[in-house]
Amino acid sequence: MTCAHLSEVRPVQPRTDGCEECLEQGLQWVELRLCLTCGHVGCCNASSGRHAQAHYHATGHPLVRAFRTAHDWAYCFADSVYVDTETIDQAIQAALHHASRTRYQNQAPYFRFL
Ligand SMILES: [Zn+2]
Ligand SMILES: [Zn+2]
Ligand SMILES: [Zn+2]
């Protein structure tokens with residue numbers, strides 16, 4: 001089974017250094033997961049808060065990547081599958097490419113004017 005949500009991947013920056021909700025609530029986490037759609041940082045399911053999964057249920061953002069862990073891997077909550085990080089990196093590149101093309105289209109009238 002493969003993941004059908006690669007179009008949800010964005011070139012995100014982590015919004016926080018640790019789990020956003022745990023930092024607010026003063027909780028401890030075990031490991032961190034980065035949301036690949038919006039940059040939310042949440043804790044894993046071995047942590048008491050399970051905020052990465054809670055973020056998926058709240059927002060529908062399906063894909064997370066291990067954040068500041070020894071091994072780099074990605075997981076889709078919607079499909080319950082691990083996605084290889086090369087595929088994720090390609091999706092990030094595609095999103096970057098799409099973003100620059102959209103910017104160019106937005107600027108096109110000005111180029112014509114010049
Ligand atoms: Zn998926
Ligand atoms: Zn948490
Ligand atoms: Zn998100």
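Counting from 1, the numbers follow the sequence of the chain as shown. Ligands are counted one by one from 1 in listed order, and the atoms in each one are counted from 1 as well. It should be emphasised that the depicted structure is a prediction, and the values quoted were computed from it without experimental measurement.
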inquiry  = Between the Zn ion (ligand 3) and H61, which N, O or S atom of the residue is the nearest one?
reply    = ND1

Short N/O/S contact of H55 with the Zn ion (ligand 3) (below 2.8 Å) = yes

message = Checking H51 against E24: is there a side-chain donor and acceptor pair closer than 3.5 Å?
response = no

query = So if you build clusters from Ile, Leu, Val, Met, Phe, Trp, Tyr with side-chain heavy-atom gaps below 4.5 Å, do V83 and V9 land together?
reply = yes

Angle subtended at the Zn ion (ligand 3) by C35 SG and C38 SG, rounded to 10 degrees = 110°

message = Using the side chain to side chain contact (heavy atoms under 4.5 Å, CB included) definition, which of the options V64, T16, V41 pairs with L32?
response = V41

inquiry  = With a 6.0 Å cut-off on the ring centroids, do H55 and H61 count as close?
reply    = yes

request  = For the Zn ion (ligand 1), find the closest N/O/S atom belonging to H5 and write down its atom name.
outcome  = ND1

ask   = Can you name the N/O/S atom of D79 that is nearest the Zn ion (ligand 1)?
value = OD2

Shortest-distance N/O/S atom, H51 versus the Zn ion (ligand 2) = ND1

ask   = Between V81 and Y75, which heavy-atom pair has the shortest distance, and what is it?
value = O-CD1, 3.4 Å

